[in-house]
Each structure stands twice: as structure tokens, then as C-alpha cells.
Amino acid sequence: MMDQAQALRRLVSSQDTRQAPGSGASARIITVCSGKGGVGKSNFTLNFALALKAMGRRVLLFDADIGMANIDVLMGVSSRYNLYHLLKREADIGQIIQLGPEALPFIAGGSGMDELFTLSESDLNYFTTQIASIADTMDFILFDTGAGLSKETMKFITSADDCLVVTTPEPTAITDAYALMKVVHNSHPEVSFRLIVNQAGDEREARATSDKIRMAASRFLQLELPFLGYISSDPHVVQAVKKQIPFSVAFPNSIAARDVQRLAQSYLAVDSVETAKVQGIKGFISKWLKRNR
């Protein structure tokens with residue numbers, strides 16, 4: 001039987017490569033964050049990645065939630081390897097990348113994330129080379145970060161090409177989402193945010209939620225905050241979580257699945273994101289290193 005590494009190599013080799021291997025500049029780096037837990041950030045990230053992949057984009061999902069990594073749980077996939085094994089050179093990049101539903105490549109987080117921030121120069125060079133070797137074959141790399149704004153999450157946000165902020169209509173979620181963007185913007189005004197409202201009762205509630213945050217950001221931070229879209233509150237989402245199957249796979253015709261597909265379409269359309277100049281994984285790691293100094 002073909003193992004995960006062989007399956008990944010076959011998957012990558014079968015995809016159209018738009019840029020020559022070795023450039024390290026093909027992948028657009030997206031960080032997904034939230035002001036607080038419980039807003040469905042990881043579930044959104046997973047299904048957003050699947051929606052991009054369904055549109056023919058090459059996507060790698062990276063669980064960067066330190067201590068609370070759960071992307072593999074949401075997919076019902078048991079991860080033999082994770083980031084720790086790569087950092088300890090017990091496995092190469094082809095081995096730690098697993099394939100989830102719809103053959104979505106992902107890297108499990110959890111153990112190993114703490115070590116990522118204390119690597120020696122030699123180990124960091126090894127890590128960069130390994131990640132760059134697969135990043136060359138991807139269009140997007142999504143980092144699902146921890147809820148709130150830890151120093152580690154701050155580094156991911158300020159090093160990425162884009163930051164997607166997930167909130168819900170709940171007042172505490174709105175307040176915390178704004179607070180996160182305020183802290184980041186005050187120290188790194190160049191960071192590009194896009195807002196997603198999850199668990200919305202309807203479009204009207206989603207837009208009202210978005211307007212509250214966007215008006216505050218414009219008035220007090222002089223920050224223009226694009227509203228990317230929303231995902232409706234849908235009982236199919238909870239059912240899918242219990243089944244450990246992404247809702248866009250378990251219930252492809254559900255309201256939430258259609259919403260996340262529309263969100264992915266909007267993301268690809270906004271500002272010609274696919275043709276915009278990107279820094280690639282090497283640029284991301286270079287920025288990330290500066291944040292560590």
C-alpha cells in the first residue's frame with residue numbers, strides 16, 4: 001500500500017507548477033487568527049483550505065496552534081508525525097505532511113511548536129530548507145494560529161502576506177477581535193487584515209457585526225478593514241465536528257459549505273490576490289526570524 005510520503009509526492013508531481021522549483025516564492029502565506037477561542041477559527045481554516053483546493057489551488061494547511069492543536073482531530077486523521085519530528089530530524093518534510101480529506105496536505109502541530117522558537121542556526125537552516133522544498137509546489141500555505149494574541153501568534157501574523165481575522169456576532173468576540181487588530185496595527189501598521197464573521201444568523205447580522213468593527217478600526221486606528229464575508233450558523237457544522245469530518249465534505253450542499261465556498265471565491269478575487277507579489281516561505285521565515293531577535 002502506498003504510504004503518506006509516496007501519496008504526497010504523487011499528489012505534488014501531478015499538479016501544475018506555475019513557478020520553477022527552488023524559487024521559494026510561489027506560496028502566499030495566510031495566517032488565520034481570532035481574538036478569543038470558541039469562534040470556530042480552526043473549523044473555518046480547514047474548510048477554507050478545502051474550498052481553495054476544490055477550486056484547483058495547491059494548498060498546505062499548517063496547524064500552528066501551540067498547545068491546542070486540533071486540525072487533525074477535526075479531520076479524524078491520526079498523525080504519526082508532527083513538526084517535532086522534523087525539528088529533531090527524525091523525519092523529513094515528506095513524512096510529516098499528512099493527507100486529510102480530499103487529499104488536503106497538512107502538518108499537525110502541538111508538540112514541536114515550542115521548539116520552533118528556540119532553534120539553533122543550523123537547525124533553523126534545515127527547517128527552512130525542508131519547508132521551502134514543499135512550499136515551491138504550493139499556491140497557499142495557511143497557518144491556523146492559537147486564539148488570542150500570544151507572542152508566538154504575533155510573530156505569525158506580522159510575518160505573513162495576509163491575516164484573516166475570524167469573529168462571531170457575540171459582543172465579547174467583537175471586542176476581542178478589534179483588540180487583537182489594534183495591538184498588531186499599533187506596532188506593525190503594514191499588516192493586511194481581512195475580516196470573516198462566523199456563526200452569523202443571517203447576512204444582515206453578519207454585516208452589522210462587520211460594520212461595528214470596521215467603523216471602530218477606521219475611526220480610531222485609521223485602518224481600512226476589508227470584510228471578506230461570513231459563514232451562517234448551521235447545525236450541520238456541529239454534526240460534522242462530531243463525525244470528525246469537515247462540514248464542506250460531510251454536507252457539501254449545506255448553507256455553511258456554500259458560504260465558505262463563496263468566501264474562498266471572494267478571497268481569490270479581492271485585489272487580484274493570486275497575481276499580487278508575494279514574499280514566499282523564505283520571506284516569511286526571514287521576517288519571522290527578525291521578530292525573534
Please list every donor-acceptor pair under 3.5 Å in which a side-chain atom of residues 237-252 meets a protein atom from a residue at least two apart or in another chain.
unit_1: Q244; atom_1: NE2; unit_2: V73; atom_2: O; d: 2.9
unit_1: S248; atom_1: OG; unit_2: N47; atom_2: OD1; d: 2.7

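- Note on residues 33-52: pairs passing salt bridge (charged side-chain N to carboxylate O under 4.0 Å, His left out), not counting sequence neighbours, are K41-D144.
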If you look only at distance, which donor and acceptor atoms sit under 3.5 Å apart when one is on a side chain in residues 218-232 and the other is two or more places apart or in another chain?
unit_1: Q222; atom_1: NE2; unit_2: R219; atom_2: O; d: 3.0
unit_1: S232; atom_1: OG; unit_2: D259; atom_2: OD2; d: 2.7

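- For the side chain to side chain donor-acceptor pair (under 3.5 Å) test, no residue two or more places apart in sequence or in another chain qualifies with T31.
- Of the inter-residue distances, the one linking I196 atom CD1 with T168 atom OG1 reads 13.0 Å to the nearest 0.5 angstrom.
- Without hydrogens or angle criteria, D63 side chain to N70 main chain gives a donor-acceptor distance under 3.5 Å.
- Here the closest non-hydrogen pair linking L86 and D92 is CD1-C, 4.0 Å.
- Atom-to-atom distance recorded for I134:CD1 and I107:CD1 is 8.5 Å, nearest 0.5 angstrom.
- Minimum heavy-atom separation, Y81 to Q95: CD1-O, 3.4 Å.
- Remark: side-chain polar atoms of R258 are paired, donor with acceptor, to backbone N or O of N253 under 3.5 angstrom.
- Here the CD1-OG distance, from I255 to S233, works out to 9.0 Å after rounding to the nearest 0.5 Å.
- Residues passing the side chain to side chain donor-acceptor pair (under 3.5 Å) test with S122, sequence neighbours excluded: R89.
- Considering only residues two or more places apart in sequence or on other chains, D202 meets the side-chain contact (heavy atoms from CB on, under 4.5 Å) condition with R204, E205.
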Inset, instruction - Could you walk me through whether D72 and Q98 pass the side-chain contact (heavy atoms from CB on, under 4.5 Å) test, one step at a time? - result: CA-CA 9 Å; D72 53 346; Q98 310 294 303; over 6 Å; no
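- In terms of the ring-ring contact (aromatic ring centres under 6.0 Å, His included) criterion, residue partners of F44 (sequence neighbours excluded) are, by chain and number, F48.
- In this structure, OG on S159 lies 9.5 Å from CZ on F143, to the nearest 0.5 angstrom.
- For H236, the side chain to side chain donor-acceptor pair (under 3.5 Å) criterion is met by D234, not counting sequence neighbours.
- Here the straight-line distance linking atom CD1 of I131 with atom CE of M138 works out to 10.5 Å at 0.5 Å rounding.
- I93 approaches S133 most closely through the heavy-atom pair CG2-OG, 3.6 Å.
- With contacts defined as side-chain heavy-atom distances shorter than 4.5 Å, the pair I97/L60 qualifies.
- A search for side-chain contact (heavy atoms from CB on, under 4.5 Å) contacts involving Q261 returns M55, Q265, not counting sequence neighbours.
- The side chain to side chain contact (heavy atoms under 4.5 Å, CB included) test with L195 is passed by exactly one of L164, I213, V166, T209: I213.
- For S192, the side chain to side chain donor-acceptor pair (under 3.5 Å) partners at least two apart in sequence or on another chain are D162.
- Put simply, NZ on K53 and CG on L61 are 12.5 Å apart, with the number rounded to the nearest 0.5 Å.
- Contact between T153 and G148 at its shortest, heavy atoms only, is CG2-O, 3.8 Å.
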Inset, instruction - Dump the intermediate steps for side-chain contact (heavy atoms from CB on, under 4.5 Å) on L104 and L50, then the final yes or no. - result: CA-CA 7 Å; L104 175 69; L50 286 166; 3.9 Å; yes
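- Judged purely by atom type and a 3.5 angstrom limit, D161 has no side-chain atom pairing as donor or acceptor with the backbone of I30.
- Hydrophobic clustering of Ile, Leu, Val, Met, Phe, Trp and Tyr side chains at less than 4.5 Å, counting indirect connections, unites L142 with V77.
- For the pair D139 and R57, the salt-bridge criterion is not met [side-chain N within less than 4.0 Å of a carboxylate O].
- Taking the salt bridge (charged side-chain N to carboxylate O under 4.0 Å, His left out) definition, one finds that E203 meets it with R207, sequence neighbours left out.
- Note: F156 and F62 fail the aromatic proximity criterion, with ring centroids not under 6.0 Å apart.
- Scanning all heavy atoms of the two residues, the minimum distance from H188 to T158 falls at CD2-CG2, 3.3 Å.
- Looking only at distances, a side-chain donor or acceptor of S254 sits under 3.5 Å from a matching main-chain atom of A257.
- Residues A91 and I96 approach most closely at CB-CG2, 3.9 Å, considering heavy atoms.
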Solution key, residues 173-183 side-chain donor-acceptor pairs under 3.5 Å, sequence neighbours excluded:
unit_1: T175; atom_1: OG1; unit_2: P171; atom_2: O; d: 2.9

